[in-house]
Colleague: 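First the structure, then my questions, so here it is.
Every chain is numbered from 1 and lettered A, B, ... according to where its sequence line falls, protein lines coming before strand lines. Bear in mind the structure is a predicted one, so any value in this text is a computation, not a measurement.
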Amino acid sequence: MEQHDFKLLYATYTNRDENGERFPLIEMFGRTREGQSIAVLYKGFFPYFYLIEPPQATLDALAKDAEVRSLEPRTLFREGRPITAYKVTITRPGDTPVYRDRYGATAADIVFRSRFLYDNDLGSHIRAEGEERKTKQPYRTDLVIDASKLSPVDAFFAPLRILSLDIENLRNNQIICIGLVREFEGKIEEEILDGAEKSILEKFRRIVVEDDVDVVSGYNICNYDIPLIAARCAQNGVSTAWARNGRDVVIRRRGMDSRDGNGAKDGGKKYVDKGTNTTVEIPGRLVADSWYFARKEKRPKRESLGAMAHLILGKEKLDVDTSKMDEEWQTNPGRVKEYCLQDTRLSHEILSKIRVLEKYQAIADVAKLPLFDCLLDRNSILIDSLLIRAADKEKVVVPNNHHGDDAEAIEGGYVHEPVPGLYDNVVVFDFASLYPSVIIQNNICFTTISDQGTIVTPEGVKFLDPATKEGILPRVMKGLLTARRDSKNKMKAAKSPEERGYYNSVQNAQKILANAHYGVFASRFYRFTDRRIGGSITALARNYTTGIISKLSDEGLKVIYSDTDSIFVVSPEQTIEGTVRFAEKLSDRFTQGALTLEFEKVVSPFFLGKMKKRYFGRIVHPVQEVVVRGYETRRGDSFPLLSRTLDALFERIMEKDIEGAVELCRREIKRVAEGDVKLEDLVISKTALDESSYKVMRRKKTGEEIRAEDRLPHVQAVKKAEKFGVYVPAGMKVSWIVTNSRRTPQQVEPYIDGIPFSHTPDYHYYRDKLCDAYLRVLETFDYDRDALVEKEQLGLF
DNA sequence: TCTCGCTGCTTACC
DNA sequence: ACTGGTAAGCAGCGAGA
């Protein structure tokens, strides 16, 4: 008998048929406290679901069904009322959907690996007791254990083995080299695989398997490198059995079929920010695309590796024209290999720098899930893990997720009409965790919604008093918020930067999880969703915010803006000290029960135009810092010249030098109109999707189809980039410069790293964009276009 | 040919 | 296959001036 504590990275199961016994074998993969890789196998757990008040005919059919292992009556609860249900245990996990559809089973769409973890109260760190297998086949880990007992343990550190890669290929797709960076036990090694393609591919497989890597990474590897490696393996007859259970890599393309045929709409909402259109799964290991996570964490203007390395690392890519790779490989293979290795290095360093693995390990820990499930980036998985466990404990019915229907959207947060101006000493208040607090304060839950409820929301929905019955949702919320306070205290008391960083990741994960709950309750498909619940949360939140705004206004205070959980008030005091005292008093006064109105900061000066969600100012308390929201300086799709000069404009305004601000704008407008500007300053970037993602538009009169590339500048840029042999994957940003905006559609030319730009920008287009943006700020000071653009500049073209 | 209301699209804010 | 609503601004369409 052995005992091992391990960090759970990936869980799955396999159907077994041994000596006439059919059963699913749970397979868990991870790394032990001591740093060995481990496969933990568990036999004896079977899939099940529930039937609510099934007819006798169904029970009879199930009793005779050879796949059914047991049929047990259970009392479950729905909205507080008892219901007769049957727990049906079957043999094969894959058969569950069949039973679900045939009998209308509930709790019948929970993936088997999750069901196993929930029922055994397991999280992301596990103690396994059992026998070590003598023959490891088909597993590829240091240890293979047949577990007889599993129990949860506290989180611990185990060094993950990370392998970053980057490939170079010729025009005919032949792979000429693979750059590798290994980070094992904190040590970094580099290697280039070259030679015959077949041997490169074989070596690559051997390294993944024999070095037993936990994480495979690289820049855009899911869209590009791995699918190409897999395709070349197929061509060369090389195995892609990279998985820890001996299986092949699984590559799924999310193509047109996953979207509705007539464009990208899905119940009125599009999923553009998901980025990647291909997912790669290597069972037992993790795949972490550094592009995907860097994009998500940093929201950069441009997404090429060069731009991202510059932004995140301050390092540069080697300068090679990839469109001439074939020639370069002929004349200077050493240079190509160095270039390849440098890219691998940069990708690897980006992944480390943004601390993705640390962040998601904390989320996995808080959500009690394998790290793999958290990297999938699907909130409902995280919420399921907490809520289904809690519901099971209280014998509460767990519904299936429903398909997105055409249910009406619930009303969201309140946004106050801005009162434009340039102010001194503006106090910003903020409800701490507004939606979680609203849930706790009003005991909002699918278990407490009741006609007998004494808590009545503005929309007339009733919930039971917590003294009568505390809801699951408020309890989970309280647990998360309390745990977060605890983590924050531990963070403050930490003795080392590592310890501090760890608790910071944990408190951040607790916040993410607390806030993610509201989202799923307002969604159209989530299993516990009830429009009355999502609607109640936002309605109450709106009431709290607008209630305070009214009170403050009645008292003669000037409320100039508010968005969802924040309130901006002009201080009646002239000094910062006086303002802080004023703010602290108000914060105390409006902090009641679970709702905390925090005094967040004093901004002075503070500028607000007539647009919502846009403002800037200088924070003077508790720290010194400039804050900008919404404006083009924050947007990845504005050109650098605009971002930079707008920032300068903000500076002038914060110095109250309005004349100087106008002068600056005039100067910049004149310069760009004269073409006195660097090309890079005019580059615009936007995410471009797959052609099929765009709505099919037709000309009204002729019915003629209008192609996306003739309608959307960013799609035009993608198409034109292809002519240079540059393929922008769907979901990645593409960059361009506008060359003629007077035509429809406007003419743009792609701006590609390493390829000289040989067109003339439409300087008047850029002049007009600058002018519009400046005026959206300066109009508050009563300036118009004539003040910015010299007369003779107008109508020149 | 220009203006204006509208839709589609992307990216912000919270 | 999927967490939400609110909002700004750009580009193009199509109708009317």
Side-chain angles (χ1 to χ4, degrees), chain A residues 109 252 254 257-260 263-274 279 299 301 376-384 401-404 408-418 430-431 433-435 512-513 515-529 531 534-535 537-538 541-542 545 561-566 609-615 628-638 642 684-689 693-701 706 708 710-716 733 738 741-746 748 765 768-769 772-773 776:
Chain A
D109 61 349
R252 297 186 189 90
R254 292 204 266 148
D257 51 331
S258 73
R259 298 175 179 276
D260 103 39
K265 290 275 176 173
D266 176 32
K269 176 143 177 75
K270 284 204 314 181
Y271 294 90
V272 273
D273 51 338
K274 286 294 162 202
T279 60
R299 304 209 149 274
K301 270 200 156 98
L376 288 177
D377 211 21
R378 274 157 41 181
N379 270 338
S380 56
I381 294 184
L382 310 184
I383 307 305
D384 265 353
N401 288 324
H402 5 272
H403 292 290
E408 226 175 283
I410 61 165
E411 192 180 337
Y414 169 75
V415 187
H416 195 68
E417 195 59 49
D430 214 312
F431 280 110
S433 301
L434 177 60
Y435 289 162
I512 289 172
L513 240 61
N515 288 333
H517 279 77
Y518 155 71
V520 297
F521 277 90
S523 87
R524 291 180 164 77
F525 56 85
Y526 186 58
R527 63 177 80 255
F528 290 114
T529 291
R531 320 297 295 167
I537 296 169
T538 52
R542 285 194 302 277
T545 309
Y561 185 57
S562 161
D563 186 346
T564 310
D565 60 354
S566 64
K610 66 179 184 189
M611 288 87 60
K612 295 173 172 179
K613 299 189 185 283
R614 291 189 162 210
Y615 56 83
V628 179
R629 287 291 120 91
Y631 281 105
E632 286 80 352
T633 50
R634 305 264 308 174
R635 294 185 63 94
D637 56 355
S638 94
L642 174 52
I684 301 170
S685 304
K686 267 187 189 162
T687 301
L689 304 177
S693 305
Y694 295 102
K695 192 173 167 71
V696 178
M697 304 283 271
R698 285 175 190 290
R699 215 159 288 283
K700 233 181 183 170
K701 278 193 177 153
I706 314 167
D710 289 331
R711 182 161 43 97
L712 304 168
H714 52 298
V715 181
Q716 185 189 150
K733 284 200 162 107
V738 176
S741 66
R742 289 163 58 227
R743 295 246 308 270
T744 302
Q746 70 174 207
V748 307
Y765 165 85
D768 289 343
K769 292 297 123 191
D772 290 350
R776 282 194 290 271

Colleague: Of the candidate nucleotides C:dT3, B:dC14, B:dT11, which contains the atom at the shortest distance from the side chain of A:Thr687?
Modeller: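 Closest of the options to the side chain of A:Thr687: B:dT11.
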Colleague: B:dC13 phosphate, OP1 or OP2: any side-chain N/O from A:Arg634 under 4.0 angstrom?
Modeller: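 Result: yes.
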Colleague: Respond yes when some side-chain nitrogen or oxygen of A:Thr744 is under 4.0 Å from OP1 or OP2 of C:dC13, and no when none is.
Modeller: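 No, A:Thr744 has no side-chain N/O under 4.0 Å of OP1/OP2 on C:dC13.
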Colleague: Show the nearest heavy-atom pair for residues A:Gln716 and A:Val748, with the distance to one decimal.
Modeller: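 Where A:Gln716 meets A:Val748 most closely, the heavy atoms are OE1-N, 3.0 Å.
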Colleague: Would you check if there is a donor-acceptor pair between the side chains of A:Asp384 and A:Tyr526 at a distance under 3.5 Å?
Modeller: yes
Colleague: Find the distance A:Tyr615:OH to C:dT6:C1' and express it as a whole number of Å.
Modeller: 14 Å
Colleague: Base, sugar-phosphate, or nothing: which does A:Gly412 touch, judged by heavy atoms less than 4.0 Å apart?
Modeller: sugar-phosphate
Colleague: Contact class for A:Arg542 (heavy atom, under 4.0 Å): base, sugar-phosphate, or nothing?
Modeller: nothing
Colleague: Is any side-chain nitrogen or oxygen of A:His714 closer than 4.0 Å to OP1 or OP2 of B:dT10?
Modeller: yes
Colleague: Rounded to the nearest angstrom, tell me the gap between atom CZ in A:Arg527 and atom P in C:dA1.
Modeller: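 My rounded result for the distance is 15 Å.
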Colleague: Measuring from atom NZ of A:Lys686 to atom NZ of A:Lys733, what distance do you get when rounded to the nearest 0.5 angstrom?
Modeller: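 Reported to 0.5 Å precision, the distance equals 11.0 Å.
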Colleague: Under 4.0 Å between a side-chain N/O of A:Ser380 and OP1 or OP2 of C:dT3, yes or no?
Modeller: yes
Colleague: To the nearest 0.5 Å, tell me how far A:Ile684 CD1 sits from A:Asp637 CG.
Modeller: 8.5 Å
Colleague: For a side chain to side chain contact (heavy atoms under 4.5 Å, CB included) check, start with the C-alpha distance between A:Tyr631 and A:Met611, then their side-chain angles and the critical distance, and finish with the verdict.
Modeller: CA-CA 10 Å; A:Tyr631 281 105; A:Met611 288 87 60; 4.2 Å; yes
Colleague: Mind checking if A:Ile410 touches a base, just sugar-phosphate, or nothing, with heavy atoms under 4.0 Å?
Modeller: sugar-phosphate
Colleague: With the threshold set at 4.0 Å, does a side-chain nitrogen-carboxylate oxygen contact exist between A:Asp563 and A:Lys613?
Modeller: yes
Colleague: Using whole Å, what does the distance between atom P of nucleotide C:dA7 and atom CG of A:Asp563 come to?
Modeller: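 After rounding, the gap between these two atoms is 8 Å.
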Colleague: Side-chain N or O of A:Lys700 less than 4.0 angstrom from OP1 or OP2 on C:dG14?
Modeller: no
Colleague: Mind calculating the distance between NZ (A:Lys733) and C1' (B:dT11) to the nearest angstrom?
Modeller: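 Value for this atom pair: 8 Å.
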Colleague: Check whether any side-chain N or O of A:Tyr694 sits under 4.0 Å from OP1 or OP2 of B:dT10, and answer yes or no.
Modeller: yes
Colleague: To the nearest Å, give me how far apart NZ (A:Lys701) and C1' (C:dG14) are.
Modeller: 8 Å
Colleague: Restricting to nitrogen or oxygen on both sides, can you table the protein-nucleotides 8-11 of chain C pairs closer than 3.5 Å?
Modeller:
residue	atom	partner	partner atom	Å
C:dG9	OP1	A:Arg614	NH1	3.2
C:dG9	OP1	A:Arg776	NE	2.9
C:dA11	OP1	A:Gln746	NE2	3.3
C:dA11	OP1	A:Tyr765	OH	2.4
C:dA11	OP2	A:Lys769	NZ	3.2

Colleague: So, using side-chain contact (heavy atoms from CB on, under 4.5 Å) as the criterion, who are the partners of A:Ile410 when residues are at least two apart?
Modeller: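 Here the qualifying residues are A:Tyr518, A:Ala522, A:Arg531, A:Thr538.
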Colleague: Do NZ/NE/NH1/NH2 and the carboxylate oxygens of A:Lys769 and A:Glu632 come within less than 4.0 Å?
Modeller: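 Judged by the 4.0 Å cut-off on N to carboxylate O distance, A:Lys769 and A:Glu632 do not form a salt bridge.
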Colleague: Please tell me which of the listed nucleotides, B:dC14, C:dT3, C:dC13, lies nearest to the side chain of A:Val520?
Modeller: C:dT3
Colleague: Rounded to the nearest Å, what distance is computed from the CD atom of residue A:Glu417 to the P atom of nucleotide C:dA7?
Modeller: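 Result: 9 Å.
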Colleague: For A:Ala516, which contact category applies under a 4.0 Å heavy-atom criterion: base, sugar-phosphate, or nothing?
Modeller: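 Here A:Ala516 touches no strand at all.
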Colleague: Please report, rounded to the nearest Å, how far the P atom of B:dG8 is from the CG atom of A:Asp710.
Modeller: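 These atoms are roughly 18 Å apart.
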Colleague: Just the rounded figure in Å: distance from P of C:dG5 to CG of A:Asn379.
Modeller: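 Atom-to-atom, A:Asn379 to C:dG5, this comes out as 14 Å.
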